[in-house]
2 protein chains.
Amino acid sequence: MSATLSDVAARAGVSISAASRVLSRAPSTRVRPETRDRIETAARDLGYRPNFAGRALKLARSDVLAMIVPDLTNPLNSELLRGVDEAATQNDYLMLLGRSEDVGGAMIGRLIGEGRVDGILLQTGDDTRPEDVRELLGQRAPVIFINSVEAGHAGSVTLPNAAAAAVATRHLLQLGHTKIALVGGLPSVFTSADRESGYRAAMADAEVAVRGPWLTRLGYTAEQGRRGLRRLWRLKRRPTGVVVGNLNAAIGVLAEARAIGVAVPDELSVVALHDAWTAEQTAPALTCVRMPMYDLGRTGVELLLDKLRGTDVGNVMINSEPELVVRHSTAPAADRDFVTSKE
Amino acid sequence: MSATLSDVAARAGVSISAASRVLSRAPSTRVRPETRDRIETAARDLGYRPNFAGRALKLARSDVLAMIVPDLTNPLNSELLRGVDEAATQNDYLMLLGRSEDVGGAMIGRLIGEGRVDGILLQTGDDTRPEDVRELLGQRAPVIFINSVEAGHAGSVTLPNAAAAAVATRHLLQLGHTKIALVGGLPSVFTSADRESGYRAAMADAEVAVRGPWLTRLGYTAEQGRRGLRRLWRLKRRPTGVVVGNLNAAIGVLAEARAIGVAVPDELSVVALHDAWTAEQTAPALTCVRMPMYDLGRTGVELLLDKLRGTDVGNVMINSEPELVVRHSTAPAADRDFVTSKE
DNA sequence: ATGAAAGCGCTAACAC
DNA sequence: GTGTTAGCGCTTTCAT
């Protein structure tokens with residue numbers, strides 16, 4: 001065991017409470033400079049670290065935030081986790097990671113019930129059961145939803161989902177495409193509707209018709225993306241461009257395109273929402289709309305800390321404009337001999 | 001705050017210690033069935049959860065294990081994390097995730113110094129500084145190295161790196177290739193040498209010459225894989241097959257091959273170490289050697305728990321045979337009109 | 001400016 | 001079989 005406060009106090013020749021004041025509290029506490037010095041020196045010599053159990057027991061808080069995501073090893077979450085981690089660290093909190101599939105399970109129950117975490121950032125996944133979420137909300141730790149919302153729950157941060165889908169759609173429109181499909185997420189997932197509405201809005205703005213069969217809502221995984229493209233290619237009237245609601249699904253779309261002999265971008269332009277290193281390594285490299293994931297994480301932490309302090313929190317949308325990253329999976333429409341002036 | 005032990009005791013009409021005995025200890029403690037019943041009922045009614053700070057303070061342990069990896073969102077780690085998590089949960093431990101880039105930093109120091117974790121599973125990365133690792137080992141939490149070793153340190157689990165590289169190499173040899181290159185990891189990384197030796201052993205067994213320029217040691221990222229292939233393709237004598245030490249690097253190799261006009265597998269066969277969903281989505285889909293990542297995680301936890309109990313632990317290698325997963329990035333050598341009988 | 005002491009929730013001797 | 005009690009390390013009134 002490392003040195004305790006009483007070790008430090010003994011070495012500095014002061015009382016435990018004096019040592020505590022100097023070592024833990026805001027520098028506001030007035031104490032004779034010489035005493036402060038002795039205490040700080042003793043602490044340094046002994047390599048003193050406050051025992052967190054003692055602290056947590058006394059203060060009834062753990063200084064830990066839990067970030068719960070559907071898939072820890074999804075590269076799309078990389079920036080999100082970095083944002084959360086940095087914001088947490090700056091506020092002297094630790095970030096604990098969990099999977100949303102565990103939400104109904106024992107592990108998350110332990111985290112909260114045993115007082116191991118002070119608050120929770122929750123990103124639900126395709127498989128998260130609503131009743132588990134409601135149970136979670138019934139416990140005593142405040143929850144902030146990340147890129148998802150729960151009716152009647154105060155505290156969420158969302159991405160500019162509609163705006164991002166619109167950026168992607170406009171990119172294809174500007175390349176001269178009019179037959180534009182959407183390979184979207186499951187209808188049950190919060191972001192799906194938003195992204196679809198952004199797509200519809202951009203199409204409407206351009207006065208281009210949306211055809212029902214060109215919308216698929218199969219999910220955000222690569223395999224589901226493949227299925228989406230297969231379904232589109234079974235159609236008599238096929239699109240020349242497709243907006244894919246998620247990068248991983250787009251990777252599947254590309255793989256399936258190759259498998260069934262669809263040339264990208266010559267025959268089909270593909271643009272995806274989200275960006276990550278994997279997008280640069282596909283064949284062809286994927287044109288993407290980058291999402292403000294880092295800000296999403298930071299803002300989530302700020303909201304959670306507000307809630308912890310008792311401040312009223314609302315539902316905020318990150319409003320930085322999603323950025324188009326043009327790579328090689330999109331090209332001017334082949335069935336037109338002109339393109340818009342923008343391109 | 002939720003119910004405490006004394007709430008439960010009061011409601012059951014027993015002493016706190018009776019409640020503690022019944023609720024926390026092995027069922028061995030003898031107590032009148034009726035009393036046990038009353039206590040358990042009271043606990044259930046009150047939704048009692050042991051406060052972990054009180055428990056940790058008393059027992060001087062936290063029941064938390066930290067798993068530290070270079071990159072949380074690397075899909076290659078998915079199975080590893082699952083293995084660690086499951087084994088930890090089964091032993092009533094919680095898994096806390098950290099990044100190895102933080103090893104020298106404040107965060108990991110807090111985890112250990114403040115007694116927040118009982119032990120550590122550490123997978124070092126390209127950027128982990130040896131002096132930071134040594135400092136970590138100097139602290140009071142036991143450490144088990146995951147697929148890496150530290151000289152003189154008891155406790156590590158490693159993958160069958162050499163065996164996997166040999167499996168990959170033999171696959172190419174059996175397809176008739178003799179001009180086989182290795183796109184490997186950084187020389188400073190533990191696994192690099194092992195994988196290289198497996199490659200060399202397989203080549204030697206087949207009495208096929210290894211040419212120096214065909215070995216690159218640039219690293220395990222996609223970008224480093226791309227650079228590896230570029231370097232190989234600058235050669236006058238080019239290989240017809242390449243073993244890539246890491247799946248992510250192989251994804252880069254494929255991307256670069258396409259970029260510079262190398263046909264895979266017709267002109268170049270590519271086989272990668274490790275497997276993940278990303279390997280099924282490349283063009284062409286990657287032939288891989290699957291590694292026992294799940295077992296790696298489980299075994300790491302078991303070793304760590306042994307060490308926690310004071311048992312002597314050694315350095316174990318997971319010995320399940322790495323499994324070849326043939327997809328479409330490898331094909332018979334084009335410069336031979338015969339193949340071995342095996343294929 | 002500094003110290004004494006209580007108590008956060010829990011477990012483990014020890015007494016009965 | 002059950003209760004009493006001390007104490008883990010810390011913060012925080014309250015005295016001095």
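Letters go in sequence order (proteins before strands), and every chain restarts at 1.
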Inset, instruction - Could you tell me whether Asp85(A) and Arg99(B) make a salt bridge, using a distance below 4.0 angstrom between a side-chain N and a carboxylate O? - result: yes
Starting from [atom2] on [N], measure out to [atom1] on [X] and report it in whole angstrom.
X         : N       : atom1 : atom2 : answer
Arg38(B)  : dG1(D)  : CZ    : C1'   : 12 Å
Asn51(B)  : dC10(D) : CG    : C1'   : 14 Å
Arg55(A)  : dC8(C)  : CZ    : P     : 18 Å
Leu59(B)  : dG9(D)  : CG    : P     : 12 Å
Glu114(B) : dT11(D) : CD    : C1'   : 15 Å
Leu57(A)  : dG7(C)  : CG    : P     : 14 Å
Asp37(B)  : dG1(D)  : CG    : C1'   : 16 Å
Leu23(B)  : dA12(C) : CG    : C1'   : 16 Å

Inset, instruction - State yes or no: are the ring centers of Phe190(B) and Tyr220(B) separated by less than 6.0 Å? - result: no
Inset, instruction - With the side chain of Tyr48(A) defined as its heavy atoms from C-beta on, choose the nearest nucleotide among dG9(C), dT11(C), dC10(D). - result: dC10(D)
Inset, instruction - Quick one: pull up CZ in Arg134(A) and CG in Leu137(A) and give me the separation to the nearest 0.5 Å. - result: 9.0 Å
Legend entry - Donor + acceptor pair across side chains of Thr73(A), Asp71(A) (<3.5 Å): yes
Inset, instruction - Indicate whether the side chain of Asn91(B) and that of Asp63(B) have a donor and an acceptor atom separated by less than 3.5 Å. - result: no
Which donor-acceptor pairs under 3.5 Å do the side chains of residues 100-110 of chain A make with protein atoms, sequence neighbours left out?
from: Ser100(A); atom 1: OG; to: Val69(A); atom 2: O; distance (Å): 3.4
from: Arg110(A); atom 1: NE; to: Glu114(A); atom 2: OE2; distance (Å): 3.2

Inset, instruction - Could you check whether Arg49(A) gets within reach of a base, just the sugar-phosphate, or nothing at all, counting any heavy atom under 4.0 Å? - result: sugar-phosphate
Could you run down the sub-3.5 Å N/O contacts of the protein with nucleotides 2-6 of chain C?
from: dT2(C); atom 1: OP1; to: Arg32(A); atom 2: NH2; distance (Å): 3.2
from: dT2(C); atom 1: OP1; to: Thr35(A); atom 2: OG1; distance (Å): 2.4
from: dT2(C); atom 1: OP2; to: Arg32(A); atom 2: N; distance (Å): 2.9
from: dT2(C); atom 1: OP2; to: Thr35(A); atom 2: OG1; distance (Å): 3.4
from: dG3(C); atom 1: OP2; to: Ser15(A); atom 2: N; distance (Å): 2.7
from: dG3(C); atom 1: OP2; to: Ser15(A); atom 2: OG; distance (Å): 3.1
from: dG3(C); atom 1: N7; to: Ser17(A); atom 2: OG; distance (Å): 3.2
from: dG3(C); atom 1: N7; to: Arg21(A); atom 2: NH2; distance (Å): 2.9
from: dG3(C); atom 1: O6; to: Arg21(A); atom 2: NH1; distance (Å): 3.0
from: dA4(C); atom 1: N6; to: Ser17(A); atom 2: OG; distance (Å): 3.2

